[in-house]
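What follows is a set of notes on a single structure, which appears directly below.
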2 protein chains.
Amino acid sequence: MASRAKATIFDIAREAGVSKSTVSLVLQGSGLIRPETAVKVRKAIEDVGYVYNRGAANLRKAHSNVIGMVINDLTNPFFAELAVGMERVFQSAGIVPFIANTAENPVRQEEVLKSLMEQGVAGLIVSPARGTTPGAFRRLETAGVPIVFAMRRLPESRIPVITPDNHRGAYLATAHLIGKGHRQLAFFGGSSDLVVYHERLGGFREACETLGIADRDALIVEGETSRRGGIACLETALAMAEPPTAALCFNDAVAFGVMLALRKRGLEPGPDFAVVGFDDVVEAEHYMPALTSVAVDTPGLGERAAHVMLKMIQSRTTRAEDHIGAVNLVVRESCGPDRRTRNRPSGTGGPA
Amino acid sequence: MASRAKATIFDIAREAGVSKSTVSLVLQGSGLIRPETAVKVRKAIEDVGYVYNRGAANLRKAHSNVIGMVINDLTNPFFAELAVGMERVFQSAGIVPFIANTAENPVRQEEVLKSLMEQGVAGLIVSPARGTTPGAFRRLETAGVPIVFAMRRLPESRIPVITPDNHRGAYLATAHLIGKGHRQLAFFGGSSDLVVYHERLGGFREACETLGIADRDALIVEGETSRRGGIACLETALAMAEPPTAALCFNDAVAFGVMLALRKRGLEPGPDFAVVGFDDVVEAEHYMPALTSVAVDTPGLGERAAHVMLKMIQSRTTRAEDHIGAVNLVVRESCGPDRRTRNRPSGTGGPA
DNA sequence: TTGATTTATTGGAACGTTCCATTTATAGCC
DNA sequence: GGCTATAAATGGAACGTTCCAATAAATCAA
């Protein structure tokens, strides 16, 4: 039963009394072979414990069915949700995507990309690591491998992008804060080497501008896109002379960090300081207090990315349209009104 | 520069004025070639934009350098932490592990495993999906592919396992609860088709037994190993005639769900109902209240699994020793004393 | 110099598929 | 029965590597 050396189509051929070509045809589900023959062959395949050698096949076929998903931070639940969406569509297309983590490290990303290329991937869905150099994907591009960026993009690149409407999301969130009476705002987390950062910050700024918040009342604190980053942001913000009373966070992770830091200082997120997140990961709903956040339909974006990828592969092109996903603000409990303006139209404010 | 057809070692050979064999040797870093020749060849490699075809190579070499990690639930941050640990060691070994998600679905797992096999993986680290049939890995086993199970195991299988000391962890946690004065305990979540379940439940039961809790005071509620499962467990427990006052949860995810459900009912996790989790994911520390949980050193287990895998591949064996990782209970704020015994010797204190 | 060693390089035969061009069998038609 | 059209099965030449055995070149011992 368990023959030492692994079985090939020749073994199957011998077992079934046909030629290797016939076996190959059966393997590919060709309609050219007589049903009875196919049955015979399939039985032989079972009997010898054959396992298809995709490497050998790709040698001739020139395109594998491997699709890679390159993620910059596996520990961010956001990306897990993205992956889940993608997998849904790939699964129904009968293909298994492989996920690789770059841990936000461009060097590691290089290795991952190289490995994936050598493996002969058919396509790549990538959320590039921070600090990715402009040329990082050139190899892939000249090799004609379809790529789509998900969530993040590179400053100038022709590679199609699937992303939520960051500008609008940030605008909505900021407007919400202002509507609650806040006049001293902050934007927490993220770093300026990310395009998304500028998009979200842009939305924040536009809202401030059109809704009458002066530049000097809009504090911007860069920081890691993680809980830890959020904690740091809040600390530096509260150390200011005129600290903000509300913050839009780059990320839900940052928002969680901010809430945590507030608690540590004996402040209650919501009543004492308004915070809104971005991404609306599942945890947001379950936090205490539940986090108001910009919902981006993460699994939906994942599905979209997968569809685009499939289409690119099928039409053997390397171009596709960008997709900007709709967003909406889901209001929960993390944003109270500004304490200082609570009783007046726009107050001068005393200490909390 | 960007030649249409992809370059092969023949192209390099022509460019560098050597034979394909020489190129192959250079590619493998053989010490047999003259340094100057190597330099010349490496330059040619750059010039033609060559990408190594690992599939072709594997055709001869018979073992790839692909290691797969098959995970049953990517959205559980626990597994992301496990993956991160693994990646640390694989990275320094210069290999890129590919992660695939089975979403707790044995059918999907079958597909994933098949795909990985066809890809010719060198080894597999697996956390099997619920309901995996005993024969699911037979193909891999007879093919001689090294496998190690991480976190979960199959009922009867010779495949080595890397797992925390589940029994001890559960014992510790339960003892803690009893020490707080609780006399009506519960074990929430998990399902009996998981070996881990029995291990953890076993620890729970042993603690109850040796510390004088009667069987009828130890409620066991099976359920999904997720937030949602936790919510359901709490609901059914509180509907009982003599509901428990404390619970050991199968999982941190379950524990989060339980805390959530408590809140929904206006109860405060900790003072009103003690809950302890298992795994100690990073969120545990940041929850409100911070979750008391059994720390299992997840990244450490990941590293361990990776090391074992590397060693198996290197020594071309398919056997290895099981590894049971040390655990310890990290006490935070989610377990108050039993209300009803609050004023008697065993309790520590009153309400904060 | 010559032969024996060592050092570098090379051609050729795999590896397990696919796919094209053939061959062989089956059926259809007059 | 002879012919063509169709259906089913097949042999051989790729595909891009590795590795062995063999050659060629350089070094050494005599």
Side-chain angles (χ1 to χ4, degrees), chain A residues 3-42 44-45 48-66 114-115 117-122 143, chain B residues 3-42 44-45 48-66 114-115 117-122 143:
Chain A
S3 53
R4 211 63 345 256
K6 50 194 55 128
T8 78
I9 49 172
F10 284 92
D11 300 304
I12 299 170
R14 185 165 2 90
E15 185 81 6
V18 297
S19 81
K20 62 161 187 20
S21 302
T22 304
V23 176
S24 175
L25 258 4
V26 172
L27 248 18
Q28 296 171 78
S30 161
L32 289 181
I33 38 81
R34 201 149 44 104
E36 305 118 72
T37 313
V39 168
K40 204 169 51 178
V41 170
R42 265 188 275 271
I45 289 177
V48 302
Y50 171 75
V51 1
Y52 185 71
N53 184 333
R54 207 168 281 278
N58 289 339
L59 212 44
R60 291 271 328 182
K61 291 207 296 188
H63 69 280
S64 66
N65 71 154
V66 177
K114 175 150 171 279
S115 177
M117 275 199 85
E118 294 182 354
Q119 230 60 240
V121 282
Chain B
S3 52
R4 213 57 351 257
K6 50 195 54 128
T8 77
I9 49 171
F10 284 92
D11 300 305
I12 298 171
R14 186 163 3 88
E15 186 80 7
V18 297
S19 80
K20 60 154 187 28
S21 301
T22 304
V23 176
S24 176
L25 258 3
V26 172
L27 248 18
Q28 297 171 78
S30 162
L32 288 183
I33 38 81
R34 202 154 40 105
E36 304 118 75
T37 312
V39 169
K40 205 168 50 179
V41 170
R42 262 189 275 272
I45 290 178
V48 302
Y50 171 75
V51 0
Y52 185 72
N53 185 332
R54 209 168 282 278
N58 289 340
L59 211 44
R60 292 271 328 186
K61 291 207 295 192
H63 70 281
S64 67
N65 70 154
V66 178
K114 176 148 169 277
S115 175
M117 274 199 86
E118 294 182 355
Q119 231 61 238
V121 282

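Just so we're clear, the structure is a prediction, and the values are computed from it rather than from any experiment. Proteins come first, then strands; the chains are lettered A, B, ... in the order of their sequence lines, and each starts at number 1. No hydrogens, no waters, no symmetry mates; every other heavy atom, side chains included, goes into these values.
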_Contacts of type salt bridge (Lys or Arg N to Asp or Glu O under 4.0 Å), residue A/R60, not counting sequence neighbours_ = none
*asked:* Rounding to an integer number of Å, can you tell me how far B/L25 CG sits from D/dA21 P?
replied: 15 Å
*Can you check whether A/T22 has a side-chain N or O nearer than 4.0 Å to OP1 or OP2 of D/dA9?*
no
Taking only N/O atoms, report every protein-nucleotides 6-8 of chain D pair under 3.5 Å with atom names and distance.
none

*Of all residues at least two apart in sequence or in a different chain, which pass the salt bridge (Lys or Arg N to Asp or Glu O under 4.0 Å) check with B/R34?*
B/E36
_A/N58 CG to A/N53 CG distance, which is reported to the nearest 0.5 Å_ = 9.0 Å
*Please name all residues satisfying side-chain hydrogen bond (donor to acceptor under 3.5 Å, both in side chains) with A/E15, sequence neighbours left out, ordered by chain then number.*
none
_Residues that A/K114 engages under salt bridge (Lys or Arg N to Asp or Glu O under 4.0 Å), provided they are two or more places apart_ = A/E118
*salt bridge (Lys or Arg N to Asp or Glu O under 4.0 Å) involving B/R42 - partner list, sequence neighbours excluded*: none
*What does the inter-axis angle of the helix from C/dT1-D/dA30 to C/dC30-D/dG1 come out as, five pairs per end, nearest 10 degrees?*
50°
*asked:* Using the side-chain contact (heavy atoms from CB on, under 4.5 Å) criterion, which residues pair with A/T8? Sequence neighbours excluded.
replied: A/F10, A/D11
_Once side-chain hydrogen bond (donor to acceptor under 3.5 Å, both in side chains) is applied, do any residues pair with A/S30, and if so which ones, sequence neighbours excluded?_
none
*Heavy-atom donor-acceptor pair, B/S21 side-chain to C/dG11 base, under 3.5 Å*: yes
*Name all residues meeting the side-chain hydrogen bond (donor to acceptor under 3.5 Å, both in side chains) criterion together with B/S21; count only those two or more places apart in sequence or in a different chain, and write none if there are none.*
none
_Rounded distance in Å - CZ (B/R14) to P (C/dT9)_ = 20 Å
Atom pairs under 3.5 Å: protein N/O with N/O of nucleotides 14-17 of chain C:
| residue | atom | partner | partner atom | Å |
| --- | --- | --- | --- | --- |
| C/dA14 | N3 | B/R60 | NH1 | 2.8 |
| C/dG16 | N2 | A/A56 | O | 3.2 |
| C/dT17 | OP1 | A/Y50 | OH | 2.4 |
| C/dT17 | OP2 | A/I9 | N | 3.0 |
| C/dT17 | O5' | A/Y50 | OH | 3.2 |

*Set of side-chain hydrogen bond (donor to acceptor under 3.5 Å, both in side chains) partners for B/S24, sequence neighbours left out*: B/Q28
